[in-house]
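A quick write-up on the structure given underneath.
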Amino acid sequence: MVLASLSTGVIARIMHGEVVDAPVLQILAIKKINSAADSERYRILISDGKYFNSYAMLASQLNVMQHNGELEEFTIVQLDKYVTSLVGKDGAGKRVLIISELTVVNPGAEVKSKIGEPVTYENAAKQDLAPKPAATSNSKPVAKKEPIHNNNNNVVMNSSINSGMTHPISSLSPYQNKWVIKARVTSKSGIRTWSNARGEGKLFSMDLMDESGEIRATAFKEQCDKFYDLIQVDSVYYISKCQLKPANKQYSSLNNAYEMTFSGETVVQLCEDTDDDPIPEIKYNLVPISDVSGMENKAAVDTIGICKEVGELQSFVARTTNKEFKKRDITLVDMSNSAISLTLWGDDAVNFDGHVQPVILVKGTRINEFNGGKSLSLGGGSIMKINPDIPEAHKLRGWFDNGGGDSVANMVSARTGGGSFSTEWMTLKDARARNLGSGDKPDYFQCKAVVHIVKQENAFYRACPQSDCNKKVVDEGNDQFRCEKCNALFPNFKYRLLINMSIGDWTSNRWVSSFNEVGEQLLGHTSQEVGEALENDPAKAEQIFSALNFTSHIFKLRCKNEVYGDMTRNKLTVQSVAPINHKEYNKHLLKELQELTGIGSSN
DNA sequence: CCCCCCCC
C-alpha cells in the first residue's frame, strides 16, 4: 500500500496567509462543535506531519463526508478549496482554516496511524514561512495591495480575494456564514418602496450568477441606498456577509433553495479584473420574433429587435391592489419579418426614448397571450439592453436602416387599441360598409384623416381630483366639489378633456370622440390649460382649438355600436393619433394600388 | 422586511 506524502510544513505557511495549491494533510481528529440553533459544524485537528492546526473547520457542504464516515482519524486528504480567516473581535482573535472542498487521498483505515510528530505552527521557524522556490506545490506570495472599494475592514473578504479562493454560490446556506462569493450581476431591479401593516421601506433586488449557480439577493432600506449605485448589471463583485434564508419559490424562478438579504455587515466589492476567471457571461438564448407565436403563454423569451414604434407613457391603478403603475408599450421588429409588442414598466418605461429606433435586447421577458396574439412583458428578473454592442445588434441595425422593417408582415401580438402596428388600414367609408363595431367586441382600424371641425362645447368636464378617479364632480358652491364615486368633498377639481370632432379622409367624414390624453396631444396643451382657457379666456381657447383645424394625422380608431335608449349608434373613439409616417403610409398605398390593379412588382 | 406588472 502506498500512502501519499504530506505537504510537510505547509500549515505554517497557509496560516500566515500564503496561497498554497492543493496541500496534502492528515486528519488527526474531528468533532462536532456545539454551536447555536440548527447549525451543524465540524472542527478538525489537521496535520502536515510537522505542524498541526486545531482551528480548522469544515464548510457545511462537506458535513455529508463526515456523515458518510469518510473523514475518520488518520485520513489523508488534499485541500482543493479553503480560506483562512480571523475570528473574534476586530479580527484580533484566532486565525481559522475553513475547508470548502477536499479529496480523500487515503482513508484513515488504510493509514492507521499519525504521521510524524506535529507541533503547533505558531512557533514555526522563519524558513518554514518563506515560499520555497523548489517546492512542488504551486505557491505565490499574498498580494499586499489594498483592494479598492473596500467598504469594510473585512479580513475574510481580503484574504479570500487575495488568495483567489471564493465560495461557489451553490454551496451557500444559512448554516455557514463565513463565505465570499464572486458573482456576476445578471439583473437588477429598480428601487421599490412598500407600505403595509408591518411597516414601510424601500428595497431593490438583484440576481447573481457564478459557474456553480445563481441566487437572488435583496437590499432593504439603508443597504438599498448604500449599494444601489454600486451594483451594475454585467459587473462582477465579491460579496460576503449576507443573511441567507429559504427562497420563496412562489416568487423566484432562480434555481436556488435560498436567497440572500444584505445586512449591515455585508461587504460588496467590484471585481475589475475578470478576464481569466470562470464567472460566466450572461447567456442570451435569442429567438426570432416569429418563433414567439408558437411558444407557451407565460414562457420566458430572450430576443432582440429594433424598436420600430413607441407608445405613450401610461399610468394606471391596478384594480386588485390599488397600486399605481407606469408602463409603456413598444413594438419590436426583426429579420424574421415579424413584429411583437413589448411592455416596459416603471423607470424603464418613463426613461425610454424610442424615437431613435434603438436595438433592444431582452432576456427573461414573459409571454402574455391575448386574443390569440402574444406580447412580451419585461417583468422582475428580466433584463433590457439598449443598443448592445453585439454582432446581432449591428446586423439588425444594418437591416433596418436599409428599409428592412418597412414591410413587416407577421404580427405576433394581437390587435389592441393602444398598440399600433397591427391595426388594419381602412377608410372611413369602408368602416361603415363593413359594419365595423356591430359585434360583441369593438373593432379597431387606422386611417389617415384631416380634422375638419373641433367642438369647443362640452370639450371638458370638472373631474374628481383623486389621481385614480376621473368621475365628474358636482359643484356644491362655496368652492366645494363633490365626487359621488369617492363620496367626498374637495376644494378643487381637475379638468378632463372629451373632444368631439369631425374628421375626414378621401371617402367620407365621421364624428369621433377623444379622451383626455389624446385630446392633450391633439391640442398641444394640458387639460388644465385647455379647461382654464375655455372657462376664462375665449380668445386663447379659440387659438388652441383652431390650430387643430385642417391638420392631418394617422388616427387609430375604436369602433363599437352603442345603445342609447332605443337608438343604436355606431361610435368611433380615437385611441391614439400619430404624425404621418410618409414612408410607411406610401407603402400601404402602393400595396393597395397593386391589389387594385394587379400591376407592380411584389416589392 | 418585498413578492405588485393592468387593460384590451
Side-chain angles (χ1 to χ4, degrees), chain A residues 187-207 216-225 228 242-254 259-264 266 298 300 311-330 341-350 352 362 364-382 384 411 413-423 437 439-445 467-468 470 515 517 556-560 573-576:
Chain A
S187 75
K188 171 193 174 187
S189 76
I191 293 177
R192 193 167 74 237
T193 57
W194 83 88
S195 175
N196 59 29
R198 298 153 99 173
E200 57 185 41
K202 57 175 158 178
L203 68 109
F204 82 100
S205 63
M206 73 210 84
D207 292 341
R216 188 162 80 141
T218 306
F220 290 94
K221 298 176 182 172
E222 296 83 15
Q223 282 70 249
C224 175
D225 290 334
Y228 186 77
C242 300
Q243 292 165 11
L244 276 113
K245 61 175 185 181
N248 192 336
K249 300 306 277 184
Q250 190 186 338
Y251 302 120
S252 172
S253 55
L254 290 191
E259 60 185 32
M260 324 204 296
T261 303
F262 281 22
S263 74
T266 295
K298 301 298 167 196
E312 294 296 309
L313 181 68
Q314 300 170 57
S315 292
F316 66 91
V317 176
R319 219 185 265 162
T320 47
T321 58
N322 257 356
K323 282 194 177 181
E324 191 179 359
F325 289 94
K326 288 192 170 73
K327 70 157 220 181
R328 188 194 296 273
D329 290 330
I330 68 173
S341 173
L342 169 70
T343 303
L344 314 180
W345 298 93
D347 286 346
D348 281 332
V350 173
F352 190 78
V362 290
T365 56
R366 295 281 158 192
I367 296 180
N368 281 309
E369 201 166 349
F370 172 67
N371 264 1
K374 285 175 173 128
S375 62
L376 300 176
S377 180
L378 199 74
S382 310
M384 171 174 68
M411 304 304 174
S413 301
R415 186 161 71 194
T416 66
S420 43
F421 57 85
S422 60
T423 311
D440 291 341
K441 288 184 174 177
D443 292 308
Y444 298 88
F445 69 101
S467 66
D468 52 350
N470 295 322
F515 290 101
E517 287 73 21
K556 309 245 159 87
L557 296 160
R558 176 189 191 270
C559 183
K560 183 85 182 75
T573 307
V574 182
Q575 298 294 119
S576 67

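- Residue A:Arg216 has no polar side-chain atom (N or O) positioned under 4.0 Å from OP1 or OP2 of B:dC3.
- Stacking between A:Trp345 and B:dC5 is absent: the ring centroid is not both under 5.5 Å from the six-membered base ring centre and under 30° in plane angle.
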ask   = When you look at A:Phe352 and A:Trp345, which way does the ring pair (Phe, Tyr, Trp, His ring centres under 6.0 Å) test go after all the steps?
value = CA-CA 10 Å; A:Phe352 190 78; A:Trp345 298 93; over 10 Å; no
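- Atom pair A:Lys326:NZ and B:dC4:P shows a separation of 20 Å (rounding to whole Å applied).
- The two residues A:Ser413 and A:Lys374 make their nearest non-hydrogen contact at OG-O, 2.8 Å.
- For A:Lys188 and B:dC2, the NZ to C1' distance is 17 Å, given to the nearest whole Å.
- By the 5.5 angstrom centroid cut-off and the 30-degree plane limit, A:Phe370 is classified as stacked against the base of B:dC8.
- A cation-pi geometry, defined here as NZ or CZ lying under 6.0 Å from the six-membered ring centre and within 45° of its normal, holds between A:Lys188 and A:Tyr228.
- Regarding A:Glu222, its CD atom lies at a distance of 16 Å from the P atom of B:dC1, rounded to whole Å.
- Nucleic acid contact for A:Lys249: none, since no nucleic acid atom lies under 4.0 Å from a heavy atom of the residue.
- The base of B:dC1 lies outside donor-acceptor range of the side chain of A:Gln223, with no N or O pair under 3.5 Å.
- To the nearest angstrom, P of B:dC8 lies 19 Å from CG of A:Leu557.
- With hydrogens and angles ignored, no donor-acceptor pair under 3.5 angstrom links the side chain of A:Glu324 to the base of B:dC5.
- In this model, no side-chain donor or acceptor of A:Lys327 finds a partner on the base of B:dC5 within 3.5 Å.
- By the criterion of a centre-to-centre distance under 5.5 Å and near-parallel planes under 30°, the ring of A:Phe316 forms a stack with the base of B:dC6.
- Protein atom CD of A:Glu259 is 12 Å distant from nucleotide atom P of B:dC2, rounded to whole Å.
- If you take CZ of A:Phe262 and C1' of B:dC1, they are 15 Å apart, rounded to a whole angstrom.
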inquiry  = Pair A:Lys327, A:Leu313 - check side-chain contact (heavy atoms from CB on, under 4.5 Å), show working.
reply    = CA-CA 6 Å; A:Lys327 70 157 220 181; A:Leu313 181 68; over 6 Å; no
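- In this entry the distance linking CZ of A:Arg328 with P of B:dC8 reads 22 Å, nearest Å.
- You'll find that the side chain of A:Tyr251 is closest to B:dC3, out of B:dC5, B:dC3, B:dC2.
- Following rounding to the nearest Å, A:Lys202 (NZ) and B:dC2 (P) show an atom-to-atom distance of 16 Å.
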task = Report the C-alpha separation of A:Trp194 and A:Asn196 in whole Å, then their side-chain angles, then the decisive distance to 0.1 Å, and conclude whether the side-chain contact (heavy atoms from CB on, under 4.5 Å) test is met.
result = CA-CA 7 Å; A:Trp194 83 88; A:Asn196 59 29; 3.5 Å; yes
